[in-house]
Amino acid sequence: MIIVMKAGTPQGMAANIVQELENQGLQPVPLYGVERTVIAVIGDERKLSVGHFEALPGVEKVMAVLQPYKLVSKETKSEPTIIEVNGIRIGSGQVAAIAGPCSVESEEQMDISARELSRMGIKILRAGAFKPRTGPYAFQGLGKRGLEILKESADRYDLATVTEILDIRDLDMVAQMTDILQVGARNMQNFELLKELGTIKKPVLLKRGLNATIEEFLLAAEYILAHGNPNVILCERGIRTFEKETRNTLALATVPLVKELSHLPIIVDPSHGTGKKSLIEPMTKAAIACGADGFIVEVHPKPEEALSDAQQQITPAQFEEMLENLKPILAAVNKTL
Ligand code: PEP
Ligand code: MN
């Protein structure tokens with residue numbers, strides 16, 4: 001259920017309703033919009049007496065949310081959620097460009113990456129310190145030292161960072177050292193991790209699971225919001241299908257569909273989505289054309305020497321050329337980087 005307050009009612013009135021819901025053993029989640037406040041009610045909704053709440057001052061209506069996810073639903077909040085990171089307003093008319101190597105490998109590799117990307121105007125640097133690898137003998141990431149290198153290189157060039165959190169036990173450390181915490185595709189349904197990420201305020205980049213439906217994807221985001229963190233950025237990174245020519249099948253229809261269903265921003269990862277250098281530019285263009293709020297691309301100073309995902313990383317020069325080639329598409333959809 002959601003309780004929609006009348007436009008322009010003071011926040012104090014919503015606070016009274018929140019208090020009353022709590023007294024009745026329900027879990028209210030107030031969402032303060034620009035125009036009006038909406039209070040989502042979680043818990044056993046049978047306890048909610050609709051008539052009673054509809055009669056309270058400031059309440060416009062009490063209504064059911066039809067989808068299984070409530071807080072991420074557009075029915076609950078119609079205005080888009082905008083998440084600001086290092087001056088980039090993700091979810092606004094601006095397209096967020098996030099780039100960097102798959103993994104943190106060395107100080108030198110990260111320094112070159114950060115320097116080159118900042119020179120191109122990029123504001124958010126990606127790189128994994130904890131890597132979810134299919135096999136246990138593959139490079140697993142530099143761990144804590146990787147986080148330090150990522151932060152040092154980003155600080156040197158005024159970049160914000162995004163990195164994957166693999167293990168709930170690392171939450172404090174990762175949250176302290178990075179600006180956006182990534183939940184990788186393989187952890188999209190790690191519900192305990194999602195719940196913990198609800199207890200922090202830093203933005204979470206939630207990647208779609210390899211075999212997750214869009215409903216499951218949105219329900220995973222719902223976990224984070226339901227536990228208190230409204231700052232979730234969704235990321236379509238391709239799903240596993242019978243197709244073998246591409247690493248995954250980049251399901252771009254997710255973007256406009258999620259825009260119909262949810263107020264959360266959604267970006268696209270054409271690197272993992274295709275696994276092929278040559279497909280990164282065309283799929284980034286397509287992502288922008290279909291309404292994505294941003295893209296995240298793997299860029300490595302020497303892709304052929306990369307310790308992970310070597311086949312899909314592009315050089316800074318290739319990335320720079322791609323940024324140039326995106327301009328007509330950005331202009332066509334009336335957006336900027
Ligand atoms: C990554 O971003 O490097 C990564 C491992 O992504 P995904 O979880 O989408 O495979
Ligand atoms: Mn990767």
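The figures that follow rest on heavy atoms only: side chains count, while hydrogens, waters and symmetry mates do not. If you're wondering where the values come from, they're calculated on a predicted model, not measured in any experiment. When a ligand or atom number is given, it counts from 1 through the structure's own listing order.
- Here the N, O or S atom of Asp309 that is nearest to the Mn ion (ligand 2) is OD2.
- Within the 3.5 Å criterion, the main-chain N or O of Val65 finds a donor-acceptor partner in the side chain of Lys70.
- Side chain of Lys201 to main chain of Gly228: a donor-acceptor pair is present (N/O by atom type, distance under 3.5 Å, no hydrogens or angles).
- Each of the following atoms of ligand 1 lies closer than 4.0 Å to a heavy atom of Gln182: 1 (C), 2 (O), 4 (C), 6 (O).
- By the neighbour-count criterion of 12 heavy atoms within 6.0 Å, atom CZ of Arg156 is densely surrounded, having more than that number from other residues, nucleotides or ligands.
- Test Glu281, Glu320, Lys285 against Asn325 for side-chain hydrogen bond (donor to acceptor under 3.5 Å, both in side chains) and you get one pass: Glu281.
- At least one N or O atom of Lys207, backbone or side chain, sits closer than 3.5 Å to an N or O atom of ligand 1.
- Per-residue contacts place Arg237 under 4.0 angstrom from the following atoms of ligand 1 (heavy atoms of the residue considered): 7 (P), 9 (O), 10 (O).
- Under the 3.5 Å distance criterion, the side-chain polar atoms of Thr37 are left unmatched by any main-chain donor or acceptor of Tyr32.
- On a distance-only criterion, Arg186 and ligand 1 share at least one N/O pair closer than 3.5 Å.
- Residue-ligand proximity: Glu298 is placed with a non-hydrogen atom under 4.0 Å from ligand 1.
- The shortest contact between atom 8 (O) of ligand 1 and any protein heavy atom is with Ala185 N, 2.7 Å.
- Of all N/O/S atoms in Glu298, OE2 sits nearest the Mn ion (ligand 2).
- Under a 4.0 Å N-O distance rule, the pair Arg145/Glu107 qualifies as a salt bridge.
- A salt bridge is defined here as a Lys NZ or Arg NE, NH1 or NH2 lying under 4.0 Å from an Asp or Glu carboxylate O, and Lys151 with Glu148 fails to meet this definition.
- Nearest to atom 4 (C) of ligand 1 among the protein's heavy atoms is His272 NE2, 3.5 Å.
- Ranking protein heavy atoms by distance to atom 2 (O) of ligand 1, first place goes to Arg126 NH1, 2.7 Å.
- Not a single donor-acceptor pair under 3.5 Å links the side chain of Glu164 to the backbone N or O of Phe130.
- Checking only distances, Glu164 never comes within under 3.5 Å of ligand 1, N or O to N or O.
- Every atom of ligand 1 with a heavy atom of Gly184 under 4.0 Å away is listed here by number and element: 8 (O).
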